[in-house]
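Structure provided below as structure tokens; questions to follow.
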2 protein chains.
Amino acid sequence: MDRKAEKILNRIVQNGYRRTNARQAIVTALVNSAGHITADDLADNVREKEPHIGRMTVYRTLELLCELGVVRPIFQGTGAAHYILMDNGGHHHLICNRCHNVMEFEECSAAMVMEKVAKQFNFHISSHLLELHGLCEECNEISSHQ
Amino acid sequence: MDRKAEKILNRIVQNGYRRTNARQAIVTALVNSAGHITADDLADNVREKEPHIGRMTVYRTLELLCELGVVRPIFQGTGAAHYILMDNGGHHHLICNRCHNVMEFEECSAAMVMEKVAKQFNFHISSHLLELHGLCEECNEISSHQ
DNA sequence: GGTATACTTGATACAAAATATCAGTAAAGG
DNA sequence: CCTTTACTGATATTTTGTATCAAGTATACC
């Protein structure tokens, strides 16, 4: 069992919810998905190993994980919601408005900013999401050629 | 006509799309909605004044505005996507995992961070979204009392 | 101002995604 | 092992979003 998955399952138990086989399988699949996946794709992954697990349970588990702050649904391009793992602190995305490509980046100096805000509002931050929207290098060139 | 709406409509024209009555009405309603609204609610608002405008057109206009980077769909609690206006540079949200309250804050020192990233990736940033997830003051107290 | 053209619109039908329900099942605590 | 209560999963249903296509309208050109 993955350590990351274990951590999330503990969080579930600590909040008074039960540790079930379905939840174990779903959380494990979620962690293995690298943290970017739709509910339906996650359901498919889970059912490869445990075919008896229903779609509904996957949706419900994701809802629970949202409530616990483990996961956050976002739109990525078009179609269904993508769930991203927030348990590791944060996500940093560069999102191109034209090609909808998502690039991830690391950036820790943002931490300073957050600390400041947290103090001001007396808010207990558990994770964050920073999205920078615009045009990636390639799409920007196309634009300027028109 | 609102200046903000005017600016968005200009952006539409500058990108080779037409300035139509439907788009004017939709953009105006969007700006008046304070920038947090679902597609269907927006359609309702638009149709109060212009009942002939179809739901489909609202969806299509929002799609166009996404492409232009004017708007960004996010999940807020449950149900349909909420569209937030990105035209004024950025959004800064504090989102409580427990009560799902969304507080907005201003924070400009984040600009430095973004500049750095933009250079590194040669990415042309037009707007940004920074979400800090955790527990608000009130919910944090409830937690520690348990 | 009139006309041609291509873009835009809106009614309808359709597909996809998410939710409600409820009988059956399994986890936790004794 | 037994009881209680939360959880599950098949199904049906609602909600949300998309495809289609004839009719309409904005723009460019004359």
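Within every chain, numbering begins at 1; the chains are lettered A, B, ... in the order of the sequence lines, protein sequences first and strands thereafter.
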Margin query: Just to verify, what does B:Tyr17 make a ring-ring contact (aromatic ring centres under 6.0 Å, His included) with, not counting sequence neighbours?
Written below: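 Residues passing ring-ring contact (aromatic ring centres under 6.0 Å, His included) with B:Tyr17: none at all.
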Next item on the list: Go through DNA chain C in 5' to 3' direction and return only the first and the last nucleotide with some atom under 4.0 Å of chain A's heavy atoms.
Entry: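 Taking any atom under 4.0 Å from a heavy atom of chain A, the span is C:dA17 to C:dA28.
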Notebook entry, point to check: Listed by chain and number, what are the side-chain contact (heavy atoms from CB on, under 4.5 Å) partners of B:Glu115, not counting sequence neighbours?
Noted result: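 Expected list: none.
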Next item on the list: Using five base pairs at each end, measure the axis-to-axis angle across the helix from C:dG1-D:dC30 to C:dG30-D:dC1 and round it to 10 degrees.
Entry: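 That helix has its two terminal axes inclined by roughly 60°.
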Checklist line | With sequence neighbours excluded, residues passing side-chain contact (heavy atoms from CB on, under 4.5 Å) with A:His36 | finding: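 A:His36: side-chain contact (heavy atoms from CB on, under 4.5 Å) contacts with A:Gln76, A:Ile84, A:His91, A:His93, A:Glu104.
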Margin query: For DNA chain C, which residues of residues 39-58 of chain B approach it to below 4.0 angstrom with any heavy atom?
Written below: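 Correct list: B:His52, B:Ile53, B:Gly54, B:Met56, B:Thr57.
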Could you tabulate the donor-acceptor pairs under 3.5 Å formed by side-chain atoms of residues 56-63 of chain B, not counting sequence neighbours?
residue	atom	partner	partner atom	Å
B:Thr61	OG1	B:Thr57	O	2.8

Next item on the list: Sugar-phosphate atoms are those with a prime plus P, OP1 and OP2; base atoms are the rest. Using that split, label each nucleotide of nucleotides 22-30 of chain D B, S or - for protein heavy atoms under 4.0 Å, 5' to 3'.
Entry: ----BS---
Checklist line | Salt bridge present between B:Arg19 and B:Glu6 (N-O < 4.0 angstrom) | finding: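 Salt bridge present between B:Arg19 and B:Glu6.
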Check: In the hydrophobic clustering (ILVMFWY, side-chain contacts below 4.5 Å, transitive), which residues join A:Val13, or is it alone?
Finding: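 Noted: A:Val13 shares its cluster with no other residue.
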Check: Given atom CG of A:Asn15 and atom C1' of D:dA6, what is their separation to the nearest angstrom?
Finding: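 The distance from CG of A:Asn15 to C1' of D:dA6 comes to 15 Å, rounded to the nearest Å.
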Margin query: Among residues at least two apart in sequence or on other chains, which ones pass ring-ring contact (aromatic ring centres under 6.0 Å, His included) with B:Phe121?
Written below: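 Residues passing ring-ring contact (aromatic ring centres under 6.0 Å, His included) with B:Phe121: none at all.
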Next item on the list: Quick one: list whatever passes side-chain contact (heavy atoms from CB on, under 4.5 Å) with A:Thr38, sequence neighbours left out.
Entry: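 Applying side-chain contact (heavy atoms from CB on, under 4.5 Å) to A:Thr38 gives A:Asp40, A:Asp41, A:Ala80, A:His82.
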Next item on the list: Output yes when B:Asp44 and B:Arg55 qualify as a salt bridge under the 4.0 Å nitrogen-oxygen rule, no when they do not.
Entry: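 Looking at B:Asp44 and B:Arg55, the cut-off is not met.
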Notebook entry, point to check: With a 4.0 Å cut-off on heavy atoms, is A:Arg23 in touch with a base, just the backbone sugar-phosphate, or nothing at all?
Noted result: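 Sugar-phosphate only.
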Checklist line | Residue list, salt bridge (charged side-chain N to carboxylate O under 4.0 Å, His left out) with A:Arg23, at least two apart or on another chain | finding: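 Here no residue qualifies.
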